[in-house]
Amino acid sequence: MTTINSSPRPRLGRALTYALVTAIALAIAVPVAWVLLASLKQKSEFFASPWTLPKGLHIQNYVAAFLDAHMGQYFLTSVLVTVLALVLVLAVSVPAAYVIARYEFRGRRVVEFALLAGLFVNVNYIVVPIFLMLVDWDRALIDVFPGGFFIDNPGVLSLVYAATSIPFTIYLLTAYFRSIPVEYEEAAALDGASRFRIMTQVMLPMARPAVTTVILFDFLAYWNDFIISLTLLPGDNKTLQVGLLNLFTAQKAAADYGRLYAGMVIVIVPVLLLYALIQRRLIEGMASGGVKG
């Protein structure tokens with residue numbers, strides 16, 4: 001009777017994989033934990049040793065960041081801009097992606113090619129032409145809006161965010177809609193469902209993993225943007241990223257690092273919460289995308 005000895009290579013490969021994953025997780029978790037702990041320190045603790053644990057929970061850093069440094073106002077502006085941009089991009093991209101995936105119409109290839117070309121346009125390279133265009137529009141409407149309308153308007157910034165992310169969103173949703181068997185639509189049509197009802201009650205729930213994915217990617221793009229918001233919101237309506245830069249400049253000169261790290265935590269926490277909420281659906285979407293083919 002012969003026995004089959006397991007090769008040590010799979011075990012070695014598995015151990016290396018675990019070690020690599022652990023190293024990546026620590027590289028991400030340690031800086032986040034360090035920033036969180038640093039945000040709870042008093043000013044004197046930084047001068048003593050920046051690597052020691054905080055002696056207490058100095059929540060005053062967050063109060064000062066929200067009120068004195070206006071991070072609360074900037075936070076609300078970022079939430080408003082991000083949510084509005086997500087609503088606009090989904091309201092346009094979901095119907096457009098469904099039509100491109102399921103309908104044959106004249107010029108569809110041209111539309112698909114234009115959207116594909118839009119994926120290669122970096123919005124940071126066209127932010128100056130967008131700014132100049134909006135300035136010209138404000139000059140044209142100076143009699144109606146003496147203080148300007150398009151510049152320093154969070155709603156306009158949301159519109160720019162949504163417009164620049166439409167190619168990616170439509171491209172991803174179109175690919176997912178095409179992977180869904182057409183038999184589901186045919187069955188719903190036999191039951192008397194309209195095209196709009198099929199899209200909203202049949203196709204959209206089935207495409208929820210893809211919708212979750214685009215929400216995550218678009219949210220990260222909007223929330224972490226700095227250049228566009230700095231250019232289009234030059235006044236007091238700053239987003240959180242621009243406000244964090246101002247806080248960094250002020251607190252670095254004042255050597256009040258606790259307030260600075262508190263501002264960083266305010267920026268990080270919404271991203272972590274969103275990922276924690278949609279993590280399961282995101283993984284399900286990746287798994288279903290791997291099964292379909």
Check for me, please, whether [X] and [Y] land in the same ILVMFWY cluster - side-chain distances under 4.5 Å, paths through other members count.
{"X": "L132", "Y": "L134", "value": "yes"}
{"X": "L53", "Y": "M264", "value": "no"}
{"X": "V156", "Y": "V144", "value": "yes"}
{"X": "V35", "Y": "L273", "value": "yes"}
{"X": "L37", "Y": "V267", "value": "no"}

Atom of [X], atom of [Y] and distance for their closest heavy-atom approach:
{"X": "A85", "Y": "A162", "value": "O-CB, 3.7 Å"}
{"X": "F177", "Y": "A207", "value": "CE2-CB, 3.6 Å"}
{"X": "E45", "Y": "P54", "value": "OE1-CA, 3.3 Å"}
{"X": "V94", "Y": "L173", "value": "CG2-CD1, 3.9 Å"}
{"X": "A96", "Y": "I170", "value": "CB-CD1, 3.7 Å"}
{"X": "S158", "Y": "L80", "value": "OG-O, 4.2 Å"}

May I have the list of side-chain donor-acceptor pairs in residues 225-239 shorter than 3.5 Å, sequence neighbours left out?
unit_1: D225; atom_1: OD1; unit_2: I228; atom_2: N; d: 3.4
unit_1: D225; atom_1: OD2; unit_2: Y161; atom_2: OH; d: 2.4
unit_1: D225; atom_1: OD2; unit_2: I228; atom_2: N; d: 3.4
unit_1: D225; atom_1: OD2; unit_2: S229; atom_2: N; d: 2.9
unit_1: S229; atom_1: OG; unit_2: F226; atom_2: O; d: 3.1
unit_1: S229; atom_1: OG; unit_2: T239; atom_2: OG1; d: 3.1
unit_1: T231; atom_1: OG1; unit_2: I227; atom_2: O; d: 2.8
unit_1: K238; atom_1: NZ; unit_2: G235; atom_2: O; d: 2.7

Original post:
Does L88 sit in a hydrophobic cluster with other residues, and if so which ones, taking ILVMFWY side chains as linked at heavy-atom separations under 4.5 Å, directly or through other members?
Top reply: L84, L159
Is there a side-chain contact between [X] and [Y], using heavy atoms and a 4.5 Å cut-off?
{"X": "F145", "Y": "D138", "answer": "no"}
{"X": "Y125", "Y": "V121", "answer": "no"}
{"X": "L40", "Y": "N61", "answer": "no"}
{"X": "W34", "Y": "P31", "answer": "no"}
{"X": "L90", "Y": "V214", "answer": "yes"}

About how many Å separate [atom2] of [Y] and [atom1] of [X], when rounded to the nearest 0.5 Å?
{"X": "D68", "Y": "Q60", "atom1": "CG", "atom2": "CD", "answer": "7.5 Å"}
{"X": "M133", "Y": "F150", "atom1": "CE", "atom2": "CZ", "answer": "9.0 Å"}
{"X": "L277", "Y": "L272", "atom1": "CG", "atom2": "CG", "answer": "11.0 Å"}
{"X": "F105", "Y": "I100", "atom1": "CZ", "atom2": "CD1", "answer": "5.5 Å"}
{"X": "H70", "Y": "N246", "atom1": "NE2", "atom2": "CG", "answer": "10.0 Å"}
{"X": "I215", "Y": "L220", "atom1": "CD1", "atom2": "CG", "answer": "12.0 Å"}

**OP:** Show your working on side chain to side chain contact (heavy atoms under 4.5 Å, CB included) between Y275 and V271 and close with a plain yes or no.
**Re:** CA-CA 6 Å; Y275 184 76; V271 178; 5.6 Å; no
Subject >> Check: Y222/S165 side-chain N/O donor and acceptor closer than 3.5 Å >> reply: yes
**OP:** List the steps and the verdict of side chain to side chain contact (heavy atoms under 4.5 Å, CB included) for L240 and M71.
**Re:** CA-CA 7 Å; L240 201 56; M71 293 297 286; 3.5 Å; yes
Below 3.5 Å, can you tabulate the donor-acceptor pairs from side chains in residues 182-196 to any protein atom, sequence neighbours excluded?
unit_1: E185; atom_1: OE1; unit_2: Y98; atom_2: OH; d: 2.7
unit_1: E185; atom_1: OE1; unit_2: R102; atom_2: NE; d: 3.4
unit_1: E185; atom_1: OE2; unit_2: R102; atom_2: NE; d: 2.3
unit_1: E185; atom_1: OE2; unit_2: R102; atom_2: NH2; d: 3.0
unit_1: S194; atom_1: OG; unit_2: R197; atom_2: N; d: 3.3
unit_1: R195; atom_1: NE; unit_2: Y103; atom_2: OH; d: 3.2

Original post:
Around atom CZ of F66, are there more than 12 heavy atoms of other residues, nucleotides or ligands at under 6.0 Å?
Top reply: yes
Original post:
Does L86 offer a backbone N or O that forms a donor-acceptor pair with the side chain of D218 under 3.5 Å?
Top reply: no
Subject >> Side-chain donor or acceptor of S39 paired with backbone N/O of Y261 under 3.5 Å >> reply: no
Subject >> Aromatic contact, F75 with W223 (centres under 6.0 Å) >> reply: yes
Original post:
Given the rule in the side chain to side chain contact (heavy atoms under 4.5 Å, CB included) test, do F149 and L141 qualify, once you have shown the distances and angles that lead to the verdict?
Top reply: CA-CA 8 Å; F149 177 79; L141 299 177; 5.6 Å; no
